[in-house]
Amino acid sequence: MTAVITGLGLVSPVGDDPAAYWEGLLSAGSGPAPLADRPGMPAGARAYRIPQPEPGASPAHGSLYGRLARTAASRALADAGIRPGAADDAVVAGLFLGTGTGDSEPAEALRDGRGTHEAGAWWPYRGAAWLADAFGFTGPVQTVSTACAAGAYAVALAVHAVASGRVDVALAGGAETVSRPALASFMRLGAVDPVHCRPFDAERAGTVYGEGAAFLVVETGERAEARGAVPIATVGAGGWSCDGHHLTAPEADGVQALRAAQDALDRAGLRAEDIAAVVCHGTGTPLNDRTETKVMRELLGPRSATVPVTAPKSVIGHSGGAAGAFSCATAALMVRHRTVPPVANLTRADADCSLAASGVPRAMGPGPVLLNAYAFGGNNISLVVGPVPS
């Protein structure tokens, strides 16, 4: 039973719909901005950010996190032609939300005296339940917080729920805003690049935080056809693994990351030779980029020098728990447009990162896209997003 993506919804630093996001990836012209207007942020902090509402304005959905999640999720459903809770579309729908720090804004407001002890202010992981309630979903609702791989894990769980018949349709993705604890942690680790997020570049010095929300609607191809929906791409169940090595650093030999990628291919009934392009995790941290390069070279063999790769974080920053969902959306758009977006800020490639990265868009050959997401705790996941059979 083939799972397909029938809707995309995005709110990103480069655009708030799939077309704008895609153009932002192709132009690769974004950059981090100061966070001085955000309460409690470390001095000099910068991020690829979403504009805050004007002072005195009342955001439609409460906190910035809630606004991003609700907007992107609603747009994904609309793009798929699904009206949640409507009498003519009474289906069992599930929701799978990946996030790192969740909706930390109310807790941070309590901490520094700006907020009140409103119900739920202490519970940052309420987003999935809140969205499911707002949309009237009756199927399983799950929050995934496997750090920077959470969004991709959420999509994989959605694929499994659809393929197993637990749900008729699933809404899956990730949401993240720049939070003081997360950003301060990256700074204390010395993992923040003071200039740009620049994966695979010889001068890279870490990652740069980002924020946003990305959601996908997943259902079976048979159901999509029955209701007249036009699928964007297929999506496989993925391969999961865990390094069990270190709290923050990946295992340098990449054995478990390679296992995840191979499992993703095996479950999709594919070989490494079938892969047309790769959406890299590509954080810009020296060890992560070297490890991912090693993994892809072992997986692809000699083709690693020619299979084009991209790294969305170079354009939108590292959006934590939402990053994997953005990678899934990027892969779906690559399949739609048969184009590989550039790796931004790539001035001089690191000799230890000898993948086929480029600073300009390139045509993509036939075949599926492999995407990788790695995270603190050694969490690894790879997914295959492919073209819809004609």
Side-chain angles (χ1 to χ4, degrees), residues 146-153 155-156 186 189-191 193 197-202 204-207 236-268 270-314 318 320 323-324 327-328 330-331 343 346 349-357 368-385:
T146 48
C148 308
Y153 272 83
V155 173
F186 271 81
L189 287 168
D193 193 307
C197 186
R198 38 186 172 171
F200 310 124
D201 190 81
R204 71 193 186 281
T207 196
W240 306 6
S241 69
C242 186
D243 293 352
H245 165 68
H246 190 271
L247 286 175
T248 59
E251 176 62 78
D253 64 16
V255 168
Q256 293 302 323
L258 177 62
R259 175 187 167 197
Q262 189 61 62
D263 282 354
L265 292 176
D266 291 345
R267 293 182 182 184
L270 298 169
R271 302 171 302 165
E273 302 92 275
D274 299 319
I275 296 300
V278 178
V279 178
C280 290
H281 185 60
T283 62
T285 57
L287 181 56
N288 177 88
D289 289 358
R290 287 198 302 269
T291 302
E292 187 166 20
T293 298
K294 184 178 188 299
V295 170
M296 289 300 97
R297 290 183 66 180
E298 291 190 27
L299 181 75
L300 299 172
R303 294 183 69 236
S304 65
T306 56
V307 174
V309 305
T310 189
K313 294 178 185 67
S314 68
H318 192 341
S327 291
C328 290
T330 300
V343 177
L346 184 61
D350 188 336
D352 291 333
C353 298
S354 53
L355 297 176
V369 174
L370 178 74
L371 67 96
N372 304 316
Y374 310 137
F376 285 177
N379 293 297
N380 308 305
I381 183 169
S382 293
L383 290 163
V384 177
V385 175

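Side chain of Asp193 to backbone of Thr207: no donor-acceptor contact under 3.5 angstrom is found. When atom types are taken as modelled, the side chain of Asn372 and the backbone of Leu370 share no donor-acceptor pair closer than 3.5 angstrom. For Thr285 (side chain) and Leu287 (main-chain N/O), no donor-acceptor pair under 3.5 Å exists by modelled atom type. Without hydrogens or angle criteria, Lys294 side chain to Asp253 main chain gives a donor-acceptor distance under 3.5 Å. Judged by distance alone, with hydrogens and angles left aside, the side-chain atoms of Ser304 form no donor-acceptor pair with the main-chain N or O of Leu300 at under 3.5 Å.
Counting heavy atoms of neighbouring residues, nucleotides and ligands inside a 6.0 Å radius, atom CZ of Arg267 exceeds 12 of them.
Between Cys148 and Tyr374, the shortest heavy-atom distance links the atoms CB-O, 3.6 Å. The minimum heavy-atom distance linking Asn379 with Ala149 is given by the pair O-CB, 4.2 Å. Closest approach of Cys328 to Ala152, counting heavy atoms only: SG-CA, 4.5 Å. Nearest heavy atoms, Ala261 versus Leu299: CB-CD2, 4.0 Å. Counting all heavy atoms, side chain and backbone alike, Ala331 lies closest to Leu371 at CB-CD2, 3.9 Å. Nearest approach of Cys242 to Gly377, heavy atoms of both residues: SG-O, 3.2 Å.
You'll find the side chain of Glu298 stays beyond 4.5 Å of the side chain of Val295, heavy atoms only. Proximity of Val369 to Val278: side-chain heavy atoms (C-beta onward) are nowhere separated by under 4.5 Å. The shortest distance between side-chain heavy atoms of Phe376 and Leu189 falls below 4.5 Å. Looking at heavy atoms from C-beta onward, Asp350 lies out of side-chain contact with Phe200 at the 4.5 angstrom threshold. Within the 4.5 Å cutoff, the side chain of Cys280 has heavy atoms near those of the Leu355 side chain. Side chains of Pro368 and Leu270 form a contact here, defined as non-hydrogen atoms less than 4.5 Å apart.
Every residue meeting the salt bridge (Lys or Arg N to Asp or Glu O under 4.0 Å) condition with Asp289, not counting sequence neighbours, appears here in chain and number order: Arg204. Residues satisfying the salt bridge (Lys or Arg N to Asp or Glu O under 4.0 Å) test with Asp243, not counting sequence neighbours, are none.
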When you look at Leu265 and Ile275, which way does the side chain to side chain contact (heavy atoms under 4.5 Å, CB included) test go after all the steps?
CA-CA 9 Å; Leu265 292 176; Ile275 296 300; 3.5 Å; yes
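Put simply, SG on Cys353 and CD on Glu292 are 9.5 Å apart, with the number rounded to the nearest 0.5 Å. With values rounded to the nearest 0.5 angstrom, Leu258 atom CG is found 13.0 Å from Glu251 atom CD.
A perpendicular orientation is assigned to the rings of Phe186 and His318, their planes being inclined by more than 60° (bins at 30° and 60°).
Between Arg259 and Gln256, the side chains place a donor N or O and an acceptor N or O closer than 3.5 Å (distance only, hydrogens not considered).
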